[in-house]
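A, B, ... follow the sequence lines: proteins, then strands. Residue 1 opens every chain.
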Number of protein chains: 2
Amino acid sequence: MQTTTIKIDSAAIVLKLLGDKTRLTMVKLLETHNCCVCEFVEIFQASQPSISQHLRKLRDVGLVNEQRRGQWIFYSINTEHAFFPFLKEVLKQVPKQDYRIKYLEENGTRITCC
Amino acid sequence: MQTTTIKIDSAAIVLKLLGDKTRLTMVKLLETHNCCVCEFVEIFQASQPSISQHLRKLRDVGLVNEQRRGQWIFYSINTEHAFFPFLKEVLKQVPKQDYRIKYLEENGTRITCC
DNA sequence: TGATTATATAAGTGAATGCTTATATAATTA
DNA sequence: TAATTATATAAGCATTCACTTATATAATCA
């Protein structure tokens, strides 16, 4: 009973995080492509701090991991997270956003270091 | 492209609505039991206006329907909503909340009119 | 080594959110 | 018909949110 209560509350926290179009799109993209901050800045045409702050929220609950590679910091989905299966199922319902990666590639702003 | 953008934005709006433990629990309950406002007041030990306002948000985007039966207004899931399949899949990931209905029944506060 | 690039974080701000209290309306009951 | 019950809604308020600008740090490059 208590466990159930805790679980649905945690689910609400995750859904709240996903309830923002920028973060939802980020996570959908990360499902298939690791991305760095500057790629997101380009994709969303948003300021760098704004993007960093969205990523921080995802990182704070552990849904994503960060990994530095050279001057870039790449983000990826944390598949070890207790809510990863939940996240996966939600993302399954969301349309692919791969065209945004294509845009980067055509744009020459896709980062493929190391 | 445009369609895809609109869809993921709409998905984010729905997820944001579900990203509140009260509304998420409400919708999970409504998945299996139609409920009236006073039942939610009892279940969540919340004020009547607070419950009404949560239901209004769900109603405003059309996720739930309301139907007056005598002095009560019963809420139900709108299975005709474009996002109903999406909602259904999300709810599938959320633990059942039926024990809350049992609580009403044992409590004598379950409304079963008409 | 100094300039540049990529990133994080802090502080400030306006808008949105979820609650409260107060009030209005609709149906039921005495 | 008056009182009660169920509900909606409006207004006010504290908190949260997503953004901005400003600044700091870390890595790379010239």
K.L.:
With side chains defined as the heavy atoms from C-beta onward, is the minimum distance between B:Y75 and B:R59 less than 4.5 Å?
P.N.:
yes
K.L.:
Need one value for A:E66: base, sugar-phosphate or nothing, where a base atom within 4.0 Å counts as base even if backbone is also close, heavy atoms only.
P.N.:
sugar-phosphate
K.L.:
Distance alone, cut at 3.5 Å: any donor-acceptor contact between the side chains of B:R56 and B:Q53?
P.N.:
no
K.L.:
Side-chain contact test, heavy atoms from C-beta onward, threshold under 4.5 Å: evaluate it for A:C36 versus A:F74 and give yes or no.
P.N.:
yes
K.L.:
One pair to check against side chain to side chain donor-acceptor pair (under 3.5 Å): B:R110 and B:Y103. What are the steps and the verdict?
P.N.:
CA-CA 9 Å; B:R110 177 76 170 143; B:Y103 164 71; over 6 Å; no
K.L.:
A:F40 CZ to C:dT5 P: how many Å, rounded?
P.N.:
22 Å
K.L.:
Anything under 3.5 Å between a protein N or O and an N or O of nucleotides 25-30 of chain D, put it in a table, one pair a line.
P.N.:
none

K.L.:
Are more than 12 heavy atoms from other residues, nucleotides or ligands located less than 6.0 Å from atom CD of B:E80?
P.N.:
no
K.L.:
In terms of the nearest nucleotide of DNA chain C, which residue is placed more toward the 5' end: B:R23 or A:R56?
P.N.:
A:R56
K.L.:
Within the 4.0 Å limit for protein heavy atoms, which parts of nucleotides 19-24 of chain D are touched? Write it as a string from 5' to 3', B for base, S for sugar-phosphate only, - for none.
P.N.:
BBBB--
K.L.:
Determine the contact category for A:K57: base if any of its heavy atoms lies under 4.0 Å from a base atom, sugar-phosphate if only primed atoms, P, OP1 or OP2 are that close, otherwise nothing.
P.N.:
sugar-phosphate
K.L.:
Quick one: CD1 on A:I51 to NE2 on A:H54, what's the gap to the nearest 0.5 Å?
P.N.:
6.0 Å
K.L.:
Ignoring hydrogens and geometry, is there a side-chain-to-backbone donor-acceptor pair from B:N107 to B:T109 under 3.5 Å?
P.N.:
no
K.L.:
Check this one for me: any side-chain N or O of A:K16 less than 4.0 Å away from OP1 or OP2 of D:dT16?
P.N.:
no
K.L.:
What's A:Y75 touching, base or sugar-phosphate or nothing? Going by heavy atoms closer than 4.0 Å.
P.N.:
sugar-phosphate
K.L.:
Rounded to the Å, how far apart are A:D60 CG and D:dT16 P?
P.N.:
15 Å
K.L.:
Hey, does the side chain of B:N78 reach the backbone of B:G62 with a donor-acceptor pair shorter than 3.5 angstrom?
P.N.:
yes
